[in-house]
Q: 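Take this structure first; my questions come after.
Read the numbers this way: they start at 1 and go in the same order the structure lists the ligands and their atoms.
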Amino acid sequence: MAKVITVFNQKGGVGKTTTVVNLSAALAKLKKKVLVIDLDPQANATSGFGIEKDNEKNIYDLLIESDKDVIQATGIKNLDIIPSSSDLAGVEIEISNMDNWQYLLKEKLKGLIEDYDYCFIDSPPSLGVLSMMSLVSSDSILIPVQSEYYALEGVGQLMNTITLVNENFNPDIKIEGVVMCMYDSRTNLSVQVSEEVKAFFEDLVYNTTIPRNVRLAEAPSHGMTVFEYDRFSKGARSYMKLAKEFLSRE
Ligand SMILES: Nc1ncnc2c1ncn2[C@@H]1O[C@H](COP(=O)(O)OP(=O)(O)O)[C@@H](O)[C@H]1O
Ligand SMILES: [Mg+2]
């Protein structure tokens with residue numbers, strides 16, 4: 001049975017999509033069967049795997065049309081994706097008018113994800129309908145934190161949301177871990193922010209940090225994960241290290 005993990009932080013630009021794409025690719029290389037679900041209408045994870053959004057059957061077809069034939073191969077062994085679609089942006093209100101909409105994604109994923117070891121959901125940078133459905137469907141939440149001022153801004157709100165989901169819809173949801181992204185050990189700022197985050201999340205923070213690395217930023221414009229783009233880069237090495245630490249905690 002797949003473990004479902006939402007990669008979430010309602011702040012944008014903190015490294016959610018980069019983490020979904022490259023941690024999934026690293027786990028696939030380590031022979032785990034992984035499914036990525038792109039639940040962000042911006043479809044950055046979809047294009048990050050070189051898949052054209054709106055062209056393929058996607059998460060919209062699954063949620064709204066109940067079309068189960070939505071899983072696409074990424075071209076990477078052990079790694080599949082349910083792509084996103086820009087249509088998703090328009091359906092939030094439609095979905096929120098359905099009975100028990102919070103469980104919609106969870107229901108639709110039944111029978112689709114059993115053969116995977118892990119299922120990573122890339123979520124939009126907001127605490128809306130899509131993120132809510134994602135958290136309700138998940139066993140755990142992985143939180144990327146950007147190593148900059150105000151990194152903890154919004155964490156209170158994030159914890160409130162987790163509590164809300166926990167008390168009302170999904171009593172078993174846990175925090176999988178917290179990963180410091182765009183980390184620069186040479187700056188006091190990164191070190192200071194990381195200490196603050198550790199004071200708050202304690203052991204949940206991974207020892208592995210993801211450095212700021214231009215290869216990680218370049219790879220998606222070629223429709224590649226960092227492992228295909230430059231597997232010797234610092235970015236590739238750190239996501240592989242994160243994948244190993246992730247597995248060692250299981
Ligand atoms: N470790 C990193 N080093 C350099 N650039 C990064 C790194 N992580 C993310 N980026 C870049 O920063 C931007 C935001 O990252 P992204 O993963 O899209 O964040 P989010 O999904 O949280 O909005 C993207 O342009 C991405 O390529
Ligand atoms: Mg994103």
Side-chain angles (χ1 to χ4, degrees), residues 5-26 36-51 53 58-59 81-86 88-89 120-128 130-131 133-135 141-155 157-158 161 176-187 189-191 193-194 197 205-243 245-246:
I5 302 167
T6 293
V7 177
F8 188 70
N9 184 330
Q10 76 269 31
K11 283 186 88 156
V14 298
K16 288 185 289 296
T17 302
T18 306
T19 298
V20 166
V21 168
N22 295 301
L23 177 59
S24 301
V36 168
I37 300 174
D38 190 353
L39 204 61
D40 185 347
Q42 288 185 21
N44 293 336
T46 301
S47 54
F49 285 112
I51 292 172
K53 68 167 179 177
N58 56 58
I59 189 74
I81 184 170
I82 301 179
S84 184
S85 147
S86 32
L88 206 54
F120 284 94
I121 307 180
D122 194 16
S123 56
S126 64
L127 287 168
L130 295 170
S131 303
M133 285 197 301
S134 176
L135 293 173
I141 162 171
L142 196 159
I143 308 172
V145 172
Q146 191 180 351
S147 312
E148 58 150 41
Y149 277 121
Y150 311 120
L152 283 172
E153 188 192 56
V155 163
Q157 203 188 356
L158 173 63
T161 306
E176 181 72 40
V178 177
V179 56
M180 302 300 305
C181 292
M182 299 180 234
Y183 188 82
D184 184 349
S185 57
R186 293 165 306 179
T187 67
L189 179 60
S190 272
V191 175
V193 169
S194 143
V197 171
V205 183
Y206 291 105
N207 295 322
T208 308
T209 53
I210 306 299
R212 194 174 276 285
N213 176 242
V214 68
R215 297 311 217 191
L216 286 169
E218 288 167 353
S221 64
H222 300 271
M224 290 178 190
T225 75
V226 76
F227 298 99
E228 301 157 279
Y229 184 63
D230 184 353
R231 65 196 167 100
F232 298 113
S233 62
K234 258 169 60 185
R237 278 184 280 138
S238 51
Y239 272 107
M240 182 52 76
K241 199 169 159 216
L242 180 64
E245 187 179 359
F246 169 92

Q: Given 3.5 Å as the limit, does a donor-acceptor pair link the side chain of Thr225 with the main chain of Val21, or not?
A: no
Q: Give the residue and atom name of whichever protein heavy atom lies nearest to atom 19 (O) of ligand 1, and the separation in Å to one decimal.
A: Gly15 N, 3.1 Å
Q: Please report whether atom 9 (C) of ligand 1 has a protein non-hydrogen atom at a separation of less than 4.0 Å.
A: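 Under 4.0 Å from atom 9 (C) of ligand 1, at least one protein heavy atom found.
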Q: Evaluate Val191 against Tyr183 for side chain to side chain contact (heavy atoms under 4.5 Å, CB included), listing each step before the verdict.
A: CA-CA 8 Å; Val191 175; Tyr183 188 82; 3.8 Å; yes
Q: Considering the heavy atoms of Pro211, write down every atom of ligand 1 situated less than 4.0 Å from one of them.
A: 1 (N), 2 (C), 3 (N)
Q: By number and element, which atoms of ligand 1 are closer than 4.0 Å to a non-hydrogen atom of Asn213?
A: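 Matching atoms, with element in brackets: 2 (C), 3 (N), 4 (C).
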Q: Are Ser190 and Ser185 side-chain neighbours, meaning at least one heavy-atom pair lies under 4.5 Å?
A: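 Of all side-chain heavy-atom pairs linking Ser185 with Ser190, none is under 4.5 Å.
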Q: For atom 6 (C) of ligand 1, which of the options Glu218, Met182, Arg215 provides the nearest non-hydrogen atom?
A: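 Ranked by closest heavy atom to atom 6 (C) of ligand 1, first place is Met182.
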Q: Can you tell me if Ser123 and Ser134 form a side-chain donor-acceptor pair at under 3.5 Å?
A: no
Q: Angle class for the Phe120/Phe246 ring planes (parallel below 30°, perpendicular above 60°, tilted otherwise)?
A: tilted
Q: Glu245 versus Asn207: any side-chain heavy-atom pair under 4.5 Å?
A: yes
Q: Please indicate whether any nitrogen or oxygen in Thr17 is less than 3.5 Å from any nitrogen or oxygen in ligand 1.
A: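 Between Thr17 and ligand 1 (N or O atoms, distance only) the closest approach is under 3.5 Å.
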Q: Measure the distances from the heavy atoms of Ala219 to every atom of ligand 1 and state whether one is below 4.0 angstrom.
A: no
Q: To check your reading of the model: name the closest protein heavy atom to atom 15 (O) of ligand 1, its residue, and the distance in Å.
A: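 Protein heavy atom with the smallest distance to atom 15 (O) of ligand 1: Thr18 OG1, 3.8 Å.
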Q: Side chain to side chain contact (heavy atoms under 4.5 Å, CB included) for Gln146 and Lys11? Distances and angles first, verdict last.
A: CA-CA 9 Å; Gln146 191 180 351; Lys11 283 186 88 156; over 6 Å; no
Q: Side chains of Val193 and Glu148: closer than 4.5 Å at any heavy-atom pair?
A: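 Contact flag for Val193/Glu148 side chains = no.
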Q: Identify the closest protein heavy atom to atom 23 (O) of ligand 1: which residue and atom is it, and at what distance?
A: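 Result for atom 23 (O) of ligand 1: Gly13 N, 2.7 Å.
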Q: I'd like to check Tyr229 versus Asn22 (side-chain heavy atoms, cut-off strictly below 4.5 Å). Are they in contact?
A: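 No, their side chains stay 4.5 Å or more apart.
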Q: Would you please determine whether Ile210 falls within less than 4.0 Å of ligand 1 on a heavy-atom basis?
A: yes
Q: Could you walk me through whether Asp184 and Arg212 pass the side chain to side chain contact (heavy atoms under 4.5 Å, CB included) test, one step at a time?
A: CA-CA 6 Å; Asp184 184 349; Arg212 194 174 276 285; 5.5 Å; no
Q: Note the single closest protein heavy atom to atom 5 (N) of ligand 1, along with its residue, its atom name and the distance in Å.
A: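 In this structure, atom 5 (N) of ligand 1 has Ala217 CB, 3.7 Å as its nearest protein heavy atom.
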Q: Got a protein heavy atom sitting under 4.0 Å from atom 25 (O) of ligand 1?
A: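 No, there is none.
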Q: Is the distance from the Mg ion (ligand 2) to the nearest N/O/S atom of Thr17 under 2.8 Å?
A: yes
Q: Any heavy atom of Pro125 sitting closer than 4.0 Å to ligand 1?
A: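 False for this residue.
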Q: Any N or O of Lys16 that comes nearer than 3.5 Å to an N or O of ligand 1?
A: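 Looking only at distances, the answer is yes, because the N/O contact criterion of under 3.5 Å is met.
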Q: Answer yes or no: does an N/O atom from Gly12 fall short of 3.5 Å to an N/O atom of ligand 1?
A: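 Checking ligand 1 against Gly12, no N or O pair falls under 3.5 Å apart.
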Q: Taking side-chain hydrogen bond (donor to acceptor under 3.5 Å, both in side chains) as the criterion, tell me which of Thr17, Thr19, Thr46 meets it with Asp122.
A: Thr17
Q: Check if Cys181 has a non-hydrogen atom at a distance under 4.0 Å from any atom of ligand 1.
A: no
